[in-house]
Amino acid sequence: MVYGWLEGGQGSTTCSARLDSAPFLPLAPSQRPQQDEDGHTDSSRDEDGHRHSSRDEDGHGCPKPFLLPHCRGSSHGQSRIIRSAYPQEYYSCMMPECFRLWQQLEAETGTTLYRQTGLVVLGPPREPELEACRRSLGVDEVLDAAALSRRFPGFRLQAGQVAVLDSTAGVLFADRALRAVQEVFRRHGGTLRDGEKVLSIQPGATVTVTTTAGVYKTPRLIITAGAWAGAFVEQLGLRLPLQPLRIDVCYWREKQPGSAGLGSVSPCFLTLGLSQAPHGIYGLPSIEYPGLMKVCHHHGSPTDPEKRDQAPSSAPRPDIAILSSFISSYLPGLETQPAVMETCLYTNTPDEDFILDRHPKFSNIVIGAGFSGHGFKLAPVVGKLLCELSLGEEPSYNMAHFAITRFPGVLGAAQ
Ligand SMILES: Cc1cc2nc3c(=O)[nH]c(=O)nc-3n(C[C@H](O)[C@H](O)[C@H](O)COP(=O)(O)OP(=O)(O)OC[C@H]3O[C@@H](n4cnc5c(N)ncnc54)[C@H](O)[C@@H]3O)c2cc1C
């Protein structure tokens, strides 16, 4: 996705953003691909001197890269939850700035990017993460089963369970948000290059990036390659414990349209500490498809992003069974089989915290990865932090939880 942080100064723009597509690497205008005397980049000829278009098979046996917008990564679709409630204080402390920066983007582009719906966190009372969410909100709005179904008639809690209400939360319109960041990035002088795949990165005082369309030289580089990041940074001698997961994105039809207090009027929700779904389940009101609520398991099956479509259709879908059982108990106004199913990718770290750090050996290369299914809402602050790391500035937040070296054995054969 796009990690936006634009810093104006003397009319110039420093930017840590990269695009949501095939390659995007931050380049100063003076660092365009090297061109020959005809204005063609030096990888646009094959060994026999024949010219290739960057839209062609790239001559390195690589498939065509993605054009914007694309749905092969993690950031596509129309909706993502944004909330203040977080079990971890090191994320909840970033949320006020995230809300502010998303609002700033709305104002700059004249686009509505956010709808406030509220969110309920469902779980057993005294569950440590649920308690931490309650503390992160600084208010004490805890609903029992009766209070929850009075307030939100579509929801049922099991005996003794509670719901913590985050009234600041809502839905970010994801596709629109990506377009807005790209627009502002261009307005500030940035260049987006889609349909161009990064093939190799040579570290050094000047980093050399070879793509299917050219060779770029840059003093600083930020890599945010999503589900491809793990394989990608191996060439830089890093073994990051990143696991791409294939996520079933499921939409569920109301049994009686408009009667269940669900549909478009529902709040978002997420579960914590339910024994039937230890990884959690989350849901959003109807946005993408009228009358269908998005309810997903916050987990999936390990996959290779290049082979995610090769899973046989007969493969077991444990996620659907978990979701069906949850829906029949907690959202009885919905049908118990999904009406629409799509797929998306998470890239998980073992502790589900992000990786935001400089390469341990090449400090002018910064890596942002492992967003573990909760990175969208935090993108404005993530962009700012990546920018600060890249410029050698003191990061605005405590970075201890995002360090590469928290994982043992990451430094393999760094060149
Ligand atoms: C179903 C689903 C629901 C989610 N819900 C929420 C939510 O409610 N709230 C929330 O905060 N977060 C949510 N997330 C998580 C959030 O969407 C992700 O954390 C975030 O989008 C990750 O962005 P990314 O930049 O890491 O990956 P991507 O957006 O996939 O970007 C990586 C990009 O790198 C490009 N790339 C890779 N290799 C190369 C190469 N060699 N050359 C050039 N380009 C390359 C890819 O083409 C891709 O465009 C959800 C995710 C999913 C899948």
Side-chain angles (χ1 to χ4, degrees), residues 1-3 17-25 58 60 62-83 86 91 94-95 98 102 119 169-172 174-175 177-178 181 192-201 209-213 222-233 235 242 244-251 268-270 280 282-284 287-288 294-300 305-306 308 319 341-349 352 354-356 367-383 386:
M1 73 172 294
V2 178
Y3 300 94
R18 50 138 285 280
L19 86 143
D20 172 55
S21 144
F24 178 83
L25 298 151
D58 59 24
H60 297 76
C62 297
K64 286 181 185 175
F66 307 132
L67 293 171
L68 281 171
H70 75 79
C71 59
R72 305 305 298 166
S74 305
S75 305
H76 58 281
Q78 293 181 35
S79 61
R80 293 290 187 278
I81 295 174
I82 179 167
R83 56 189 153 98
Y86 245 106
Y91 292 114
M94 296 175 180
M95 287 316 303
C98 286
W102 284 118
L119 167 135
V171 178
L172 281 169
D175 285 347
L178 297 186
V181 178
L192 299 178
R193 293 178 188 270
D194 60 355
E196 185 178 341
K197 181 170 180 168
V198 177
L199 300 172
S200 70
I201 295 172
V209 179
T210 304
T211 76
T212 44
I222 299 174
I223 302 174
T224 53
W228 293 264
F232 202 74
V233 298
Q235 62 177 293
L242 293 170
L245 298 177
R246 182 182 185 276
I247 303 296
D248 289 324
V249 185
C250 302
Y251 300 86
C268 298
F269 74 88
L270 61 89
Y282 61 91
L284 294 81
I287 290 183
E288 287 85 349
K294 180 172 166 181
V295 182
C296 305
H297 191 204
H298 187 51
H299 197 57
E306 295 296 321
R308 61 194 265 195
D319 300 320
M341 276 178 57
E342 297 163 347
T343 61
C344 193
L345 294 170
Y346 282 4
T347 309
N348 279 29
T349 60
E352 297 189 12
F354 307 162
I355 290 174
L356 306 173
I367 296 159
F371 294 103
S372 304
H374 64 113
F376 203 99
K377 68 182 87 55
L378 285 142
V381 165
V382 163
L386 292 174

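This structure is a prediction, so every number in the text was calculated from the model and none was measured. First listed ligand is number 1; within each ligand, the first listed atom is number 1. Here, residue 1 is the first one in the sequence, and each next residue gets the next number.
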>> How long is the straight-line distance from CD1 of Ile82 back to CG of Leu119, given to the nearest 0.5 Å?
In response: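 Leu119 atom CG to Ile82 atom CD1 measures 11.5 Å (nearest 0.5 Å).
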
>> If we count only N and O atoms by modelled type, under 3.5 Å, do the side chains of Ser200 and Gln235 hold a donor and an acceptor together?
In response: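 The answer is no; no qualifying pair exists.
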
Beyond-backbone contact of [X] with [Y], side-chain heavy atoms, under 4.5 angstrom:
X      : Y      : result
Leu242 : Ile355 : yes
Phe376 : Val382 : no
Asp248 : His297 : no
Ile223 : Ile201 : yes

>> Does only the side chain of His374 get under 4.0 Å from ligand 1, or the backbone, or both, or neither? Count heavy atoms.
In response: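 For His374, the contact with ligand 1 is made by the backbone alone.
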
> For ligand 1, is any non-hydrogen atom under 4.0 Å from Phe376's backbone (N, CA, C, O), its side chain (CB onward), both, or neither?
Replying inline: both

Where ligand 1 meets [X] - atom numbers and elements under 4.0 angstrom, heavy-atom basis:
X      : value
Phe232 : 41 (N)
Lys197 : 41 (N), 42 (N)
Val249 : 1 (C)
Tyr282 : 1 (C), 2 (C), 3 (C), 4 (C)
Leu345 : 53 (C)
Gly73  : 30 (O)

Has ligand 1 got any nitrogen or oxygen that is less than 3.5 angstrom from a nitrogen or oxygen of [X]?
X      : answer
Tyr346 : no
Trp228 : no
Ser74  : yes

>> If we ignore hydrogens and angles and just use 3.5 Å, is the side chain of Thr212 paired with the main-chain N or O of Lys197 as donor and acceptor?
In response: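 Yes; judged by distance alone, with no hydrogens or angles, the pair exists.
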
>> Against ligand 1, does Gly373 come closer than 4.0 Å with any heavy atom?
In response: yes

> Parallel under 30°, tilted from 30 to 60°, perpendicular over 60°: which one fits the rings of His374 and Tyr91?
Replying inline: perpendicular

